[in-house]
Amino acid sequence: MSLKLTNTLTKRLETFKSLKPGEVSIYCCGVTVYDLCHLGHARSYIAWDVLRRYLISQGYQVTFIQNFTDIDDKILAKAAKEHSTMSQVSEKNIKEFHKDMDALGIIRPSRMPRATRCLNGIREMIHKLEKKGAAYSVDGDVYFAVMKHIDYGKLSSRDLSEQQLNADGRIEKEEEARKQSPFDFALWKAAKEGEPSFPSPWGEGRPGWHIECSAMVLQELGETIDIHLGGSDLIFPHHENEIAQSEMANGKQLANYWLHNGMVNVGGQKMSKSLGNFTTIRALLNNGVSPMTLRLFILQAHYRKPLDFTNESIAAASKGWARLNSALCVGLKNHQQLNWPKPEAQEQTFSNLKKYISDESLSNSCQQFIDALDDDLNTSVAISVLFDLSRPLSSLANQLKRGFSPLGDEAENKELQSKWSFLVGLANVLGLQPELSQKEKSPQNQMHNEIEIIEAIKERKAAKLSKNYAQADKIRQELKDKGIELIDKKNGVTEWIKN
RNA sequence: GGCGGCAUGGCCAAGCGGUAAGGCAGAGGAUUGCAAAUCCUUUAUCCCCAGUUCGAAUCUGGGUGCCGCCUCCA
């Protein structure tokens, strides 16, 4: 089997074949940098991160381009509100973007072009469209003439001739009058009073929203690329317009595969800025939701389906992740005790999955995992493979945590070890990386309250011996509140664990 | 009004014609002063109706409900 992807362009599940053998070119629509990213962005970029990781693990050389839209009305509005400038607002939010994406373990794109730095390409493309008669200017604005593009509507299944004008009448009348067709869209917008603007043959102004992506794809990857990515809310008009511009200007198909991710919903409704029902990635992380919990939550659903966000579903993912994570960490924390080779530092390289196919004990799981991802990135099933593999390992982790030294026979130990490194390898394809807790990473504060804990345990033991269980439970609860969990062992010894 | 998607156990979620993955939660048992943890066992006929088929959650037709896009949006 080989990778199959649902192509929005053909509305079908298709076997993926790259233009150049062994190489994949990907363009992903990025964010408009006027604010922090929310969970919807996280979903999109995590899904595409998995696509990228999987392609790399299959041996492809992937060039991944993602833009920053740094010219936009919302950025201007924000700048005005903050008594700042457009570029200051963009700059700040680009930093924040990287902070969030890095936290989520999303591999940075190969390059991240910005609209303000691609103006030449943009002007050239508009000029080209003008020469081909597909663009016209009115009072410093330049519009794309939709009727000139024979295939207009092919991505979003819209038929212009049958298309009734949007009943809600949201389009501004003034602008309407200037357009030849209501679906025409701006390639270049004349500057308004006091706005930042850039020179052009049509006067001072700034690029329309769609043109930057067309220009960037051409500049960074060429006329035709393998895969174009984005949220399903971008299909129309953004991607439709991108196709129209690029294909009209270049005379070539823009992208062979168009992939779109489903929305994150809140109470059945799309999470969006305008509805105000969004939760930022930052807020979630600050509330103690770990990055990998978020990743697990997102990848447990298929990328094309809507995903409902609730506190309960995050809590469920968090519990699930804790279990999986304990298995992923076992070889990192306990390799000395288990006499396992010292694990390599986490790298952004991916072991070739196919090597596991020949390993009898891992072959099945490996094949299941590959089949799942081949099937339009079925991460949900891939994760179930991870959970199956993790069972004996999290059990091992648990025994170790509780002070047992499960010194089984050597063969068994070896099998666990290879299972563990296999699990870590598979999880890495999904970007699920072991999270050692803060306390484990920085063991300060550990020593000075240890004596206190031992004292408390002694006190509790005395209470237990005198059958004063209420007092014993009180002591346990107090420690628990401080993150110390007590475990009574069979032999009467009480051990404690930091959580 | 046009285009598209979805409906699976208490919750989330796979499934793509051969008899329901996985996660969370729950139940029973072992263990425990009680817990925690662990181990074992366990919980669904898939929105409704009709049809195709030896066989359908999966295909077809008709309902019902929900959502997205058509305006900025991942």
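The figures here come from the full heavy-atom set of this structure, side chains too, leaving out hydrogens, waters and symmetry mates. Letters A, B, ... mirror the listed sequences (proteins, then strands); counts begin at 1.
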Side chain of [X] (C-beta onward), nearest among [options]:
X        : options             : value
A/Asp473 : B/A74, B/C70, B/C34 : B/C34
A/Ser395 : B/C39, B/A37, B/A74 : B/C39
A/Lys270 : B/A74, B/C69, B/U38 : B/C69

For nucleotides 11-24 of chain B, give me one character per nucleotide, 5' to 3': B if any protein heavy atom sits under 4.0 Å from the base, S if the only such contacts are to the sugar-phosphate, - if neither. --SSS-----BSSS
Using side-chain hydrogen bond (donor to acceptor under 3.5 Å, both in side chains), reason through A/Ser90 and A/Ser87 one step at a time and then give a plain yes or no. CA-CA 5 Å; A/Ser90 312; A/Ser87 68; over 6 Å; no
Is the shortest heavy-atom distance from the side chain of A/Leu400 to the side chain of A/Leu338 under 4.5 Å? yes
With a 4.5 Å heavy-atom cut-off, do A/Gln300 and A/Leu307 have their side chains touching? no
Which whole-number value in Å describes the distance from [X] [atom1] to [N] [atom2]?
X        : N     : atom1 : atom2 : answer
A/Leu486 : B/U32 : CG    : P     : 19 Å
A/Asp159 : B/C70 : CG    : C1'   : 14 Å
A/Trp258 : B/G4  : CH2   : P     : 19 Å
A/Leu155 : B/G68 : CG    : P     : 20 Å
A/Arg158 : B/G68 : CZ    : C1'   : 11 Å
A/Ile475 : B/A36 : CD1   : C1'   : 17 Å
A/Arg12  : B/G4  : CZ    : C1'   : 17 Å
A/Ile487 : B/U32 : CD1   : P     : 17 Å

Between [N] and [M], how far apart are the two [atom1] atoms, rounded to whole Å?
N     : M     : atom1 : value
B/G10 : B/C3  : C1'   : 36 Å
B/A13 : B/A7  : C1'   : 13 Å
B/A30 : B/C46 : P     : 36 Å
B/G26 : B/G15 : P     : 28 Å
B/G22 : B/A56 : P     : 24 Å
B/A44 : B/A37 : C1'   : 30 Å
B/G17 : B/G23 : C1'   : 28 Å
B/C16 : B/C59 : C1'   : 10 Å

Using a cut-off of 6.0 Å, state whether more than 12 heavy atoms not belonging to A/Lys154 lie near its atom NZ. yes
So does A/Lys192 have more than 12 non-hydrogen atoms from other groups sitting under 6.0 Å from NZ? no
Could you tell me whether [X] contacts a base, only the sugar-phosphate backbone, or nothing, with contacts defined as non-hydrogen atoms closer than 4.0 Å?
X        : value
A/Gly40  : base
A/Val385 : nothing
A/Asn261 : base
A/Gly153 : nothing

Under a 3.5 Å limit for both distances, which nucleotide forms a Watson-Crick or G-U wobble pair with [N], could you say?
N     : value
B/C34 : none
B/G26 : B/U42
B/C54 : B/G18
B/G1  : B/C70
B/C6  : B/G65

Counting distance alone, no hydrogens or angles: does the base of B/C6 have a donor or acceptor under 3.5 Å from a partner atom on the side chain of A/Arg304? no
Using only modelled atom types and a 3.5 angstrom limit, is any donor from either the side chain of A/Arg476 or the base of B/A36 paired with an acceptor on the other? no
Considering heavy-atom distances to RNA chain B, does A/Lys464 or A/Asn265 have its closest nucleotide positioned more toward the 5' end? A/Lys464
cation_pi(A/Lys273, A/Phe278) dist<6.0 Å, angle<=45: yes
A/Phe236 six-ring centre to A/Arg158 NZ/CZ under 6.0 Å and within 45° of normal: yes
How about [X] and [Y]: are their ring centroids closer than 6.0 Å?
X        : Y        : result
A/His38  : A/Phe309 : no
A/His210 : A/His239 : no
A/Trp321 : A/Phe297 : no

